[in-house]
Amino acid sequence: MKDIRKDLKEVVSSLKGHLIYQRDVLLAEGVTLKDSYEFRVLSSELKPKNQNSNKEAENSKPKIQNSKLLEELRAEIGDCQRCKLSKGRTNLVFGVGNPDARIVFVGEGPGKDEDLQGEPFVGRAGQLLTDIITKGMKMRREDVYICNVVKCRPPENRNPEPDEIDACEGFLIKQLEVIKPEIVVALGTFAAKTLLKTDLPISKLRGGFHDYKGIKVMPTFHPSYLLRNPEKKKDTWEDIKMVIARLG
Ligand code: URA
Ligand code: URA
């Protein structure tokens with residue numbers, strides 16, 4: 001009896017994760033459809049805003065593709081048991097946002113709220129990130145893409161361990177390969193370390209762009225760290241202003 005209940009709980013939890021994921025895919029396809037070549041032709045807005053941007057050339061292709069590729073990647077991850085974090089998760093938190101985003105925010109790993117909802121950055125730190133995006137950058141959360149280094153919640157929000165990062169980072173790398181953003185904002189030590197393969201502290205890395213396979217990476221303080229150290233918010237704002245300037 002107990003086993004059946006446990007099984008049922010797992011089925012419901014994975015179904016919920018799947019439904020959240022499908023919703024994200026639909027939202028994402030809605031966004032891409034609006035930006036598509038055909039839509040721009042029909043609405044006579046074909047002329048690219050930024051003639052020199054590679055991204056713009058990419059964008060003139062019909063764009064169902066990135067969302068499909070992300071969908072396939074999510075399917076490849078499946079009901080992941082590749083590391084010990086799988087034991088404690090409610091939902092795997094894959095990522096959310098525009099599959100054709102020019103900017104991707106990478107955090108560390110899901111916290112409690114994210115684990116329960118299956119969506120990254122929806123708790124207190126998430127609200128601060130949302131404020132940075134909407135109030136600071138004047139963009140919508142749906143315009144950017146948001147994900148984490150590890151896709152499952154570490155117990156008691158401890159740091160992800162090296163074996164867990166090893167098991168999961170390939171999926172982050174593939175997400176970035178699909179989305180091909182111009183800029184990645186690495187939120188906190190783990191995102192910066194994972195992408196830049198450096199042991200320098202975030203305080204040394206922030207304040208300028210680094211390179212990851214041709215993508216500009218701006219490391220900055222993690223929103224959770226900013227909640228504990230609000231006097232550092234002005235530094236992150238400096239970083240974000242450089243990002244805004246680069247996006248044009
Ligand atoms: N902190 C993170 O690093 N990621 C989340 O998704 C939420 C909080
Ligand atoms: N330490 C962290 O882990 N993250 C920060 O953003 C700053 C210090």
Side-chain angles (χ1 to χ4, degrees), residues 20-40 42-43 45-71 73-74 93-107 114 117-123 125-148 172 174-187 191 195 209 212 214-220 222-223 226 236-237 239-248:
I20 288 173
Y21 173 67
Q22 288 297 331
R23 180 203 62 189
D24 292 344
V25 167
L26 286 177
L27 280 175
E29 288 187 351
V31 170
T32 51
L33 182 65
K34 212 149 64 69
D35 288 343
S36 73
Y37 178 81
E38 288 81 351
F39 183 88
R40 296 216 315 265
L42 287 173
S43 58
E45 285 178 7
L46 190 58
K47 197 166 178 294
K49 288 190 201 96
N50 180 351
Q51 304 267 14
N52 297 326
S53 161
N54 288 338
K55 192 79 191 178
E56 213 40 76
E58 292 252 314
N59 284 353
S60 61
K61 287 185 255 156
K63 288 200 307 189
I64 217 73
Q65 219 176 355
N66 280 2
S67 58
K68 282 277 179 284
L69 290 170
L70 288 178
E71 194 175 342
L73 179 59
R74 177 63 190 88
V93 181
F94 178 66
V96 71
N98 180 357
D100 300 287
R102 296 175 67 198
I103 177 162
V104 174
F105 290 85
V106 178
E114 291 76 19
Q117 296 183 41
E119 181 169 334
F121 284 101
V122 290
Q127 186 54 56
L128 179 53
L129 178 61
T130 303
D131 285 348
I132 290 171
I133 294 165
T134 58
K135 296 181 186 162
M137 307 181 70
K138 310 280 184 233
M139 295 175 83
R140 298 173 307 165
R141 229 178 108 99
E142 312 87 89
D143 296 330
V144 305
Y145 193 84
I146 307 174
C147 62
N148 283 302
L172 169 64
K174 286 189 189 171
Q175 283 171 307
L176 295 177
E177 278 172 9
V178 169
I179 299 167
K180 296 186 209 70
E182 290 159 54
I183 295 176
V184 168
V185 177
L187 300 166
L195 292 173
F209 287 103
Y212 169 78
I215 301 172
K216 297 284 169 220
V217 177
M218 176 62 81
T220 196
H222 191 285
L226 294 177
T236 286
W237 180 230
D239 300 337
I240 294 297
K241 279 196 288 192
M242 292 178 72
V243 168
I244 294 169
R246 182 135 207 134
L247 285 174

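Residues: numbered from 1 along the sequence shown.
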Note, [X] side chain near [Y] side chain (heavy atom, < 4.5 Å):
X    : Y    : value
T220 : V243 : no
I179 : L70  : yes
Q175 : L172 : yes
W237 : I132 : no
V178 : P99  : no
F121 : N148 : yes

Minimal non-hydrogen separation, [X] against [Y], with atom names:
X    : Y    : answer
L128 : P223 : CD2-O, 3.5 Å
Y145 : A101 : N-CB, 3.6 Å
P120 : G95  : CG-CA, 4.1 Å
I215 : E182 : CG2-O, 3.7 Å
M137 : L247 : CE-CD1, 4.2 Å

Nearest-0.5 Å distance that lies between atom [atom1] in [X] and atom [atom2] in [Y]:
X    : Y    : atom1 : atom2 : result
K138 : I133 : NZ    : CD1   : 13.0 Å
L69  : E177 : CG    : CD    : 10.5 Å
L129 : R141 : CG    : CZ    : 6.5 Å
R102 : M139 : CZ    : CE    : 7.5 Å
F209 : I183 : CZ    : CD1   : 4.5 Å
I103 : N98  : CD1   : CG    : 12.0 Å

